[in-house]
Each structure stands twice: as C-alpha cells, then as structure tokens.
Amino acid sequence: MSVLEIKNLHVNVETDQGTREILRGVDLVINEGEIHAIMGPNGSGKSTLAYTIAGHPKYTVVEGEILLDGENVLEMSVDERARAGLFLAMQYPVEIPGVTVTNFLRTAKTAIDGEAPSVRHWVKDVRTAMGNLKMDSAFAERNVNEGFSGGEKKRNEILQLELLKPKFAVLDETDSGLDVDALKIVSEGVNRAKENTGLGILLITHYTRILRYIKPDFVHVFVAGKIAEQGGPELADRLEEEGYDRYQVAETASAE
C-alpha cells in the first residue's frame with residue numbers, strides 16, 4: 001500500500017520584506033485510498049503545503065521530510081515527483097499557448113509511464129474521460145487552458161487526473177470559481193479517479209460545499225502554518241458553523 005508522509009515540515013519563502021516562515025512543523029500521513037481535507041483561513045499555509053509537495057522552487061524546505069513510499073521526495077525534481085506518482089491540480093491553472101490538450105496529455109502520459117500509449121486505446125480513453133466531464137471533444141485540439149473559462153480549466157485539471165492515474169493527488173482549491181453544476185461534475189471526476197485507481201487525495205478548500213460531494217475520511221484545520229486540530233468529517237460541519245476565529249485567537253494568545 002502506498003503512503004505519503006510529511007514529517008515536521010518547515011518551509012520558508014522569500015518576500016520583499018525578507019525571509020518569512022510559512023509552514024511551522026507540519027505532520028501528516030496519507031495512505032492510499034484516503035481523502036484528507038485541509039481547511040483554514042487565508043494565509044494559513046495551505047497552498048504552500050501543496051506547492052512544496054509538488055516542488056515549486058519559490059518555497060525552501062528548511063527542516064523536515066516528505067516521503068513517498070519511503071523515498072525522499074525532497075531530493076526529486078518536479079518531473080521525478082510526477083513520475084513517482086504525485087499530482088497537483090492547481091488553484092489557478094496556467095495557459096500553454098501552442099500546445100494542444102491532446103498533445104499535452106499524450107506527452108505527459110508517455111513521460112510518466114516510460115512508453116507511449118497505444119493510439120487507439122488512448123483516443124478512446126481521452127474521449128470517454130472528456131465525455132464523463134461534460135467537455136466538448138473540440139477542446140482536445142485547443143491549446144491548453146487558452147481561452148478556457150475558470151470551470152473549463154478545472155475540468156481540464158481533473159481530466160489529467162483521470163488519465164495520468166497518480167498515486168496521490170493534491171487538489172488546491174479545485175472548488176474555487178465553480179458553480180454548483182460544475183462543482184458536481186468535477187467532484188464526480190475526482191471520485192471516479194479514486195474508485196478506479198485507489199489514489200490518496202489531499203483536498204485543500206475554504207468551504208464545506210465540495211465536501212458534500214467528495215467525502216473526506218479526515219479533516220485537518222490549518223492555522224498559522226501548522227495543523228491546529230484534526231478529526232473526522234464532523235469537524236468540517238463544525239467549522240462551517242463556528243468559523244476559524246477560535247483557532248486564530250488561540251494562536252495569537254500562544255504567540256504572546
């Protein structure tokens with residue numbers, strides 16, 4: 001069984017005001033097939049955790065480990081992390097002019113698997129996945145995310161998730177900017193990927209509405225760069241009622 005382990009993770013970022021510590025000792029274990037939701041106020045370090053796992057050069061790990069099946073992720077390049085089975089669905093997917101969706105997907109699949117997929121089976125798989133996500137087949141020949149709406153970009157992220165079949169997916173506010181219909185379609189795609197591959201999911205969100213469709217096994221409250229509380233799905237319901245104020249008050253008091 002695959003496992004993603006985060007141990008005592010401390011991460012800094014360089015700002016105009018100097019070095020700033022964002023993550024301050026994060027411990028988290030995600031097993032294959034588990035869904036972990038990370039919730040917290042703006043600026044608490046949720047996206048920093050996502051991009052650190054993926055290997056964004058902006059973030060410097062000063063202490064701690066990230067292990068994937070016992071292998072040190074921090075020693076891997078970004079592409080090595082992808083080949084090892086890590087996937088990041090970005091909060092703001094980027095446009096790639098001049099590269100069509102179909103070429104991008106086939107190139108990525110070839111790089112991850114080490115060999116090109118059979119054209120006949122691949123075309124069928126892409127069409128099926130696009131159909132499930134209610135994506136017009138014409139999108140396959142368009143440049144990646146170029147001119148896409150916010151909802152279309154998020155569907156394209158989940159299209160990649162379904163076709164690339166990673167071991168672990170980090171979904172960074174995948175629900176942001178989605179209307180109810182798009183949220184359901186995207187959530188169904190995530191659930192379908194989990195059912196088909198047994199992947200583990202780290203779902204970062206501000207709101208509980210996506211958790212109505214993607215049911216978490218564990219919920220972690222992120223405040224000031226560390227996990228302030230963790231529990232089951234009922235914790236998300238409590239957060240919706242009470243908000244994050246009590247955690248922030250406690251953090252301020254401990255800092256003093």
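The figures that follow rest on heavy atoms only: side chains count, while hydrogens, waters and symmetry mates do not. The chain is numbered in sequence order, starting from 1.
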(request) Would you please say whether a donor-acceptor pair under 3.5 Å links the side chains of Glu65 and Asn72? (result) no

(request) Check Val78 against Gly55 and note the closest heavy-atom contact, atom names and distance. (result) CG2-O, 3.4 Å

(request) Mark yes when over 12 heavy atoms from residues, nucleotides or ligands other than Arg209 sit less than 6.0 Å from its CZ; otherwise mark no. (result) yes

(message) Minimum heavy-atom separation for Ala50 and Leu88, please, with both atom names.
(response) CB-CD1, 4.0 Å

(message) Count I, L, V, M, F, W, Y as connected when their side-chain heavy atoms are under 4.5 Å apart, and connections chain through other members. Are Val13 and Tyr92 then in the same cluster?
(response) no

(message) Would you say that Leu49 contacts Ile6 through its side chain, given a criterion of any heavy-atom pair below 4.5 Å between the two side chains?
(response) yes

(message) According to a hydrophobic-cluster definition based on side-chain heavy atoms being under 4.5 Å apart (Ile, Leu, Val, Met, Phe, Trp, Tyr only), do Tyr213 and Ile185 belong together?
(response) yes

(request) Measure across Val223 and Pro41 and return the closest heavy-atom pair with its distance rounded to 0.1 Å. (result) CG2-CD, 4.3 Å

(message) Quick one, Asp27 with Lys226, criterion side chain to side chain contact (heavy atoms under 4.5 Å, CB included). Give me CA distance, side-chain angles, the key distance, then yes/no.
(response) CA-CA 8 Å; Asp27 292 286; Lys226 55 188 177 183; over 6 Å; no

(request) Give the C-alpha distance, both sets of side-chain angles, the deciding distance and a yes or no for side chain to side chain contact (heavy atoms under 4.5 Å, CB included) between Leu171 and Ile210. (result) CA-CA 11 Å; Leu171 310 181; Ile210 194 171; over 6 Å; no

(message) Under the rule for side-chain contact (heavy atoms from CB on, under 4.5 Å), what residues qualify as partners of Glu152, not counting sequence neighbours?
(response) Phe139, Phe148, Ser149

(message) So that I can tick it off, tell me whether Arg83 and Asp113 are bridged by a salt bridge, with the cut-off set at under 4.0 angstrom between side-chain N and carboxylate O.
(response) no

(message) Hydrophobic clusters here meaning ILVMFWY residues chained together by side-chain heavy-atom distances under 4.5 Å, can you tell me if Leu235 and Leu211 are in one?
(response) yes

(message) Looking at Asp217 and Ile35, would you say the former's side chain and the latter's main chain have a donor-acceptor pair under 3.5 Å?
(response) yes

(request) Please report the closest heavy-atom contact between Leu86 and Pro166, naming both atoms and the distance. (result) C-CB, 4.4 Å

(message) Assess whether a salt bridge exists between Lys215 and Glu34, defined as any Lys/Arg side-chain N lying under 4.0 Å from an Asp/Glu carboxylate O.
(response) no

(message) Can you confirm whether the side chains of Thr19 and Asn12 place a donor and an acceptor under 3.5 Å from each other?
(response) no

(request) Find the distance between NE2 (His220) and CD (Glu229) and round it off to the nearest 0.5 Å. (result) 11.5 Å

(request) Answer with yes or no whether the side chains of Thr128 and Asp125 bring together a donor and an acceptor at under 3.5 Å. (result) no

(message) Between Asn145 and Asn156, do the side chains contain a donor N or O and an acceptor N or O under 3.5 Å apart?
(response) yes

(request) Please indicate whether Lys165 has more than 12 foreign heavy atoms, meaning atoms of other residues, nucleotides or ligands, lying under 6.0 Å from its NZ. (result) yes

(message) Let me check something: do Val186 and Tyr207 share a hydrophobic cluster, defined by ILVMFWY side-chain heavy atoms less than 4.5 Å apart, either directly or through other members?
(response) no

(message) I'd like to know if the side chain of Lys154 and the backbone of Glu173 have a donor-acceptor N/O pair within less than 3.5 Å.
(response) yes

(message) Applying side-chain hydrogen bond (donor to acceptor under 3.5 Å, both in side chains) to Asn132 and Glu188, what does each step give before you reach the verdict?
(response) CA-CA 9 Å; Asn132 287 337; Glu188 287 168 0; over 6 Å; no

(request) Indicate, with yes or no, if Phe218 and Ile201 share a hydrophobic cluster defined by side-chain heavy-atom contacts under 4.5 Å among Ile, Leu, Val, Met, Phe, Trp and Tyr. (result) no

(request) Rounded to the nearest 0.5 Å, what's the gap from CE on Met90 to CD on Glu157? Could you check? (result) 5.0 Å

(request) Classify the ring geometry between Tyr51 and His56 as parallel (under 30°), tilted (30 to 60°) or perpendicular (over 60°). (result) perpendicular

(message) Go through it in stages, so that I can follow the logic: the residues are Lys134 and Asp181, the test is salt bridge (Lys or Arg N to Asp or Glu O under 4.0 Å), and I'd like the CA-CA distance, side-chain angles, deciding distance and then a yes or no.
(response) CA-CA 11 Å; Lys134 307 293 191 293; Asp181 291 335; over 6 Å; no

(message) Test your reading of the model: is there a side-chain donor-acceptor pair from Asn31 to the backbone of Val3, 3.5 Å cut-off?
(response) no

(request) Run the salt-bridge test on Glu162 and Arg192 with the 4.0 Å N-O cut-off and return the result as yes or no. (result) yes

(message) Which heavy atom of Gly33 sits nearest to which heavy atom of Lys194, and what is that distance?
(response) O-CE, 2.9 Å

(request) Compare every heavy atom of Met130 with every heavy atom of Asp136, then report the nearest pair and how far apart it is. (result) O-CE, 3.3 Å

(message) Tell me whether Lys109 contacts the main-chain N or O of Leu163 through its side chain, where contact means a donor paired with an acceptor under 3.5 Å.
(response) yes

(message) Any side-chain to backbone donor/acceptor pair from Arg20 onto Thr15? Under 3.5 Å, distance only.
(response) no

(request) Mark yes when over 12 heavy atoms from residues, nucleotides or ligands other than Glu115 sit less than 6.0 Å from its CD; otherwise mark no. (result) no

(request) Could you point out which residue of Arg120, His121, Arg127 forms a side chain to side chain contact (heavy atoms under 4.5 Å, CB included) with Val123? (result) Arg127

(message) Could you tell me if the side chain of Val170 sits less than 4.5 Å from the side chain of Ile204, heavy atoms only?
(response) yes

(message) Applying the side chain to side chain contact (heavy atoms under 4.5 Å, CB included) criterion to Leu74, which one of Leu67, Ile53, Ile66 satisfies it?
(response) Ile66

